[in-house]
Amino acid sequence: MAAFTRREFVKAAGACAALGTLGTFGTASHAKSKGRVIVVGGGYGGTIAAKYLKMADPDIDVLMIEKNSQYVSCPLSNEVLGGERDIASLTFDYKKLSRGRGIKVMQDEVVGIDPQQHSVKGASGNVYKYDKLVVSPGIDFHYEKIEGYSAEVAEKIPHAWKAGPQTLLLRSQLEAMKDGGVCYIVAPPNPFRCPPGPYERAAQIAMYFKHHKPRARIIILDAKDSHSKQELFQQAWQVIPTMSCLWIGKVNLHNLKEV
Ligand SMILES: Cc1cc2nc3c(=O)[nH]c(=O)nc-3n(C[C@H](O)[C@H](O)[C@H](O)COP(=O)(O)OP(=O)(O)OC[C@H]3O[C@@H](n4cnc5c(N)ncnc54)[C@H](O)[C@@H]3O)c2cc1C
């Protein structure tokens with residue numbers, strides 16, 4: 001299949017939108033609109049798609065539908081665990097996108113897409129018509145895939161892979177941990193979001209321990225036999241002896257009793 005660059009995508013979306021008809025919900029703000037693109041999801045993917053569509057052609061009516069009023073960035077959230085930043089510095093609303101860039105932002109959860117009718121349905125009951133649709137809802141958790149884990153258990157054993165309350169919960173557990181305690185990190189098999197994430201997290205927690213709980217240790221139980229940027233991370237863990245971090249690979253994560 002021929003490669004489709006970001007520039008080509010934006011151009012094509014603009015051209016297609018120009019051929020379409022206007023939606024009925026929240027009709028276009030100005031007469032010369034070339035049609036409406038709806039973007040579902042206001043994460044990194046959705047906001048960047050919306051921004052570049054509008055920059056490519058201000059006459060495209062861009063409507064972004066996001067279920068939350070604020071977005072908490074996963075990138076850099078490990079620094080909250082290390083104590084280098086607070087969660088507020090990673091929390092964003094959508095005002096700049098709507099006021100500054102002329103993108104309409106609607107807070108609603110999309111619960112259905114009807115490609116024949118060119119419409120999406122919100123949990124609010126609203127139906128939004130589009131000419132072109134960008135679907136960027138990210139990924140979600142399948143707790144049932146890990147035996148014994150669930151959303152309830154995650155309130156005690158946080159995964160912190162969705163930035164926000166989970167990040168703060170893990171941070172507070174680290175703060176409450178006694179000096180000399182052990183923090184386990186379980187790293188999943190590939191593929192998973194953000195391959196360096198667990199090791200970057202270990203480094204941040206190790207830094208916190210180094211300054212506040214020098215006798216505490218981290219043990220990473222990894223399903224893989226190697227990991228992203230391994231040499232770099234392990235160099236840091238070995239060179240600085242107080243960063244007590246042990247990585248164990250090829251762990252059968254279904255049988256942790258054996259470890
Ligand atoms: C700890 C951690 C650290 C990371 N660090 C980095 C890094 O340093 N660099 C990097 O490039 N990546 C990093 N990543 C990966 C990065 O977070 C993801 O690749 C990125 O968030 C994906 O963006 P997205 O827009 O596809 O999805 P998301 O960021 O998940 O956004 C999806 C949005 O869609 C909304 N949504 C979902 N369903 C609906 C619906 N039905 N209706 C309306 N809205 C909906 C959600 O509320 C959300 O706002 C990290 C991830 C983690 C977990």
Side-chain angles (χ1 to χ4, degrees), residues 6 9 25-26 37-53 62-87 89-98 103-115 119-128 130 133-143 151 154 158-171 174 183 185-188 190-208 218 220 227-229 232-233:
R6 184 178 303 185
F9 163 75
F25 186 88
V37 180
I38 288 185
V39 178
V40 177
Y44 279 98
T47 49
I48 288 167
K51 172 183 159 183
Y52 279 92
L53 278 166
V62 181
L63 170 65
M64 200 181 78
I65 307 176
E66 162 58 47
K67 64 179 170 185
N68 297 315
S69 60
Q70 291 186 317
Y71 180 76
V72 186
S73 167
C74 279
L76 299 180
S77 64
N78 282 326
E79 290 190 0
V80 176
L81 302 177
E84 286 207 301
R85 64 166 65 236
D86 59 20
I87 202 87
S89 68
L90 298 173
T91 306
F92 303 92
D93 62 26
Y94 294 98
K95 285 185 189 132
K96 265 194 187 161
L97 211 58
S98 53
I103 293 160
K104 295 193 184 91
V105 180
M106 182 64 76
Q107 193 185 342
D108 203 350
E109 181 174 6
V110 170
V111 291
I113 297 174
D114 185 339
S119 67
V120 299
K121 193 174 171 200
S124 64
N126 287 335
V127 174
Y128 308 88
Y130 64 81
L133 181 65
V134 176
V135 183
S136 185
I139 55 174
D140 212 341
F141 293 93
H142 286 278
Y143 289 107
H159 51 72
W161 292 114
K162 183 164 176 54
Q166 277 276 310
T167 319
L168 295 176
L169 177 62
L170 181 52
R171 169 70 187 171
L174 293 169
C183 166
I185 295 178
V186 178
N190 288 324
F192 63 99
R193 179 186 262 190
C194 197
Y199 319 101
E200 176 190 289
R201 172 168 297 180
Q204 280 292 324
I205 295 176
M207 191 187 64
Y208 169 67
I218 299 166
I220 306 170
H227 65 80
S228 164
K229 303 179 187 168
L232 194 69
F233 281 116

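Please read these numbers as outputs of a predicted model, since none were measured by experiment. Ligands are counted one by one from 1 in listed order, and the atoms in each one are counted from 1 as well. Note: hydrogens, waters and symmetry copies are ignored here, and every other heavy atom, side chains too, is used.
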Residue-ligand contact Gly197/ligand 1, heavy atom below 4.0 Å: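 In this structure, Gly197 fails to qualify as a contact of ligand 1 - no heavy atom is under 4.0 Å.
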Please classify the Asp108 to ligand 1 contact at 4.0 Å (heavy-atom distances, strictly less than): side chain, backbone, both or neither. backbone
With a heavy-atom distance limit of 4.0 Å, tell me whether Lys162 approaches ligand 1 through its side chain, its backbone, both, or neither. neither
With heavy-atom distances below 4.0 Å as the criterion, list the atoms of ligand 1 near [X].
X: Ser77; value: 1 (C)
X: Tyr71; value: 21 (O), 28 (P), 29 (O), 31 (O), 49 (O)
X: Asn68; value: 47 (O)
X: Ile65; value: 43 (C), 44 (N)
X: Ser136; value: 25 (O), 32 (C), 34 (O)

Candidate with minimal heavy-atom separation from atom 3 (C) of ligand 1, of Gly43, Cys74, Pro198: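 Selected option, by shortest heavy-atom distance: Cys74.
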Select the closest option to atom 12 (N) of ligand 1 among Pro75, Ala123, Gly42, judged by heavy-atom distance. Pro75
When you compare ligand 1 with Asn78, is there at least one nitrogen or oxygen pair between them that comes in under 3.5 angstrom?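 There is no such contact.
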Under the salt bridge (Lys or Arg N to Asp or Glu O under 4.0 Å) rule, collect the residues that match up with Glu200, sequence neighbours excluded.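 Scan of Glu200 (salt bridge (Lys or Arg N to Asp or Glu O under 4.0 Å), adjacent residues dropped) gives none.
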Evaluation steps, ring-ring contact (aromatic ring centres under 6.0 Å, His included), between Tyr44 and Tyr71: CA-CA 9 Å; Tyr44 279 98; Tyr71 180 76; 5.7 Å; yes
Under-4.0 Å heavy-atom contact between protein and atom 44 (N) of ligand 1: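 It does; a protein heavy atom is within 4.0 Å.
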Please enumerate all residues that pass side chain to side chain donor-acceptor pair (under 3.5 Å) together with Ser228, with sequence neighbours excluded.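 Ser228 satisfies side chain to side chain donor-acceptor pair (under 3.5 Å) with no residue once adjacent residues are dropped.
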